[in-house]
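First up is the structure itself, then whatever we jot down about it.
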2 protein chains.
Amino acid sequence: MISAPQGTQSGTKTRILNAAEKFFGEKGFDGTSLRDITTEAQVNLAAVNYHFQSKETLMDAVIERRIAPVNQRRMEMLDAAGPSPTVEQVVEAFVSPLFVMDVLPAVPLIGRVLSNPSQFFERVYKKHLIQVVLRFSDAIAASLPGLPREERFWRLHFMAGSMTHVLALSGVLPLMSGQPVQRGAVLRQLVTFLSAGLRAPVLSPFSEDKK
Amino acid sequence: MISAPQGTQSGTKTRILNAAEKFFGEKGFDGTSLRDITTEAQVNLAAVNYHFQSKETLMDAVIERRIAPVNQRRMEMLDAAGPSPTVEQVVEAFVSPLFVMDVLPAVPLIGRVLSNPSQFFERVYKKHLIQVVLRFSDAIAASLPGLPREERFWRLHFMAGSMTHVLALSGVLPLMSGQPVQRGAVLRQLVTFLSAGLRAPVLSPFSEDKK
DNA sequence: GTACGATTGAAACGAACGTATGATCTCTGC
DNA sequence: GCAGAGATCATACGTTCGTTTCAATCGTAC
């Protein structure tokens, strides 16, 4: 059989993945029909169930294709920052891999999945995110030794929230800003904002009891 | 005809609204069927199209019922803070009205709507949020006179992102925190985080040219 | 108590959905 | 140039969807 190298070529599988990525991101999983996808991809309706087994596993494949490289890059950046990273380095490692060119078409979809509780959120979290969250929690602890565990937990998710919001609304926020948006500029402002938030004074007066 | 006062009573309309709020929040608009709703509400299927005209306008009614009081409270809190509010006062006015008891059942839905681009996001933004965003943009400007307009815009939306993320995942984040969550505690940590983020040093070196 | 508008009820409509089927086409190995 | 596996095709199946219909019921004014 010799399965074709599916990387960059425009075979049926890839065209389906691209179309699914577009529609799932724009209209959500339930709001998208397989006929939407196969029409856009210019493939036969049955091709989806032939190459992927079901609509659900198609969605899994769409997510998998983009999220794995993003998380790999995140880990690399954390590694490169060494054992005592600055807050900025940690934030940058978390956020910037989502602002690179090749992830761009998946940004609305990723934002959507990470913003909404669903079967997919749970799956993605268990398969791809648990390890990332733990690793970044440690990295934040290394960069902010005085921050109690509970505050670290919440601030990490506040950070994730700002990021996913920008991702999910990346199609509509620029229209609201009233001027052309440079991706790099938004990234820099996001890193600045989040770093300052992470560094906010510790709230709990009884601090550091948890190990 | 003398339409019944629909406020707190458990009439057909209210029961539909409550059930719709629950399912739309849990499974999204497209993921919820009218039969889901009418079964939960123990009303006839046709009641939805009789009292509301369509599934879409039902969603509008569900949102309207909760968002109007929230925004009213936000404005009141800004008014109470006077013409020179602190950053904390602005953030608190923006966030805390969503953490009160009566909005609680609508929190997942509000988070979902504000996290995803959709027909409803656009409608809600135009009808309920544009004025709020403008008002809060001014309030941030008053509390942080040195912040250029563009950075103000983005930081406001970073703030909205953290908030909607906590709202949308309010059903799942507490399970991840590993310990019981006090709503008030999360609110205080959110205000601390966001206030520090808003106060972050200004990035753009050419600052303040826009009026 | 009777008339009448407001509401509820059971049932059905056509449309769109995800998926399955079986025939046909394509391409490679020999 | 033929065999056969992999891929694509048109088409149909059974379900579920939002909405509509129309008769039955309710509640109030007279």
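A note on names: the letters A, B, ... follow the listed sequences, proteins ahead of strands, and every chain is numbered from 1. Not measured: the values here are computed from a predicted model.
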Using a cut-off of under 3.5 Å, enumerate the N/O to N/O pairs linking the protein to nucleotides 9-12 of chain D.
from: D/dC9; atom 1: OP2; to: A/Asn44; atom 2: N; distance (Å): 3.2
from: D/dA10; atom 1: OP2; to: A/Asn44; atom 2: ND2; distance (Å): 3.4
from: D/dA10; atom 1: N7; to: A/Asn44; atom 2: ND2; distance (Å): 3.3

### Query
A/Glu88: what forms a salt bridge (charged side-chain N to carboxylate O under 4.0 Å, His left out) with it, not counting sequence neighbours?
A/Arg199
### Query
Rounding to a whole Å, what distance do you find between B/Lys13:NZ and C/dA6:P?
13 Å
#### Entry: salt_bridge(A/Arg123, A/Glu56) N-O dist < 4.0 Å
yes
### Query
Quick one: salt bridge (charged side-chain N to carboxylate O under 4.0 Å, His left out) partners of A/Asp138, sequence neighbours excluded?
none
### Summary
Between NZ of A/Lys55 and P of C/dA16 the distance, given in whole Å, is 15 Å
### Query
What residue pairs, at least two apart or across chains, pass side-chain hydrogen bond (donor to acceptor under 3.5 Å, both in side chains) with a residue in residues 42-53 of chain B?
none
### Note: B/Arg135-B/Asp79 ion pair, threshold 4.0 Å (strictly below)
yes
### Query
Who pairs with B/Arg183 by salt bridge (charged side-chain N to carboxylate O under 4.0 Å, His left out), at least two apart in sequence or on another chain?
none
### Task
Let me know the distance between CD of B/Glu56 and P of D/dC17, rounded to the nearest Å.
17 Å
### Nucleotide C/dC17, atom P - distance to CG of A/Leu58 in whole Å
15 Å
### Message
From OH of B/Tyr50 over to P of D/dA24, roughly how many Å is that when rounded to an integer?
### Response
18 Å
### Query
Counting only side-chain N and O atoms of B/His51, is one of them less than 4.0 Å from OP1 or OP2 of C/dT8?
yes
### Message
Can you pull out the residues from residues 25-34 of chain B that lie within a 4.0 Å heavy-atom distance of DNA chain D?
### Response
B/Thr32, B/Ser33, B/Leu34
## Note on the structure
Closest to the side chain of A/Thr12, out of C/dT19, D/dA7, D/dG18, is D/dA7
Pair up each side-chain donor or acceptor in residues 105-121 of chain A with any protein partner under 3.5 Å, not counting sequence neighbours, and list the distances.
from: A/Arg112; atom 1: NE; to: A/Gly25; atom 2: O; distance (Å): 3.0
from: A/Arg112; atom 1: NH2; to: A/Gly25; atom 2: O; distance (Å): 3.3
from: A/Arg112; atom 1: NH2; to: A/Glu26; atom 2: O; distance (Å): 2.8
from: A/Arg112; atom 1: NH2; to: B/Pro117; atom 2: O; distance (Å): 3.1
from: A/Ser115; atom 1: OG; to: A/Gly111; atom 2: O; distance (Å): 2.5
from: A/Asn116; atom 1: OD1; to: B/Asn116; atom 2: ND2; distance (Å): 3.0
from: A/Asn116; atom 1: ND2; to: B/Asn116; atom 2: OD1; distance (Å): 3.0
from: A/Ser118; atom 1: OG; to: A/Phe120; atom 2: N; distance (Å): 3.1
from: A/Ser118; atom 1: OG; to: A/Phe121; atom 2: N; distance (Å): 3.1

### Task
For A/Asn49 and D/dA7, give me the distance from atom CG to atom P, rounded to whole Å.
15 Å
### Query
Taking only residues two or more places apart in sequence or in another chain, which ones pass salt bridge (charged side-chain N to carboxylate O under 4.0 Å, His left out) with A/Arg66?
A/Glu21
### Query
Listed by chain and number, what are the side-chain hydrogen bond (donor to acceptor under 3.5 Å, both in side chains) partners of B/Glu122, not counting sequence neighbours?
none
### Query
Rounded to the nearest Å, what distance is computed from the CD1 atom of residue B/Ile16 to the P atom of nucleotide C/dG9?
10 Å
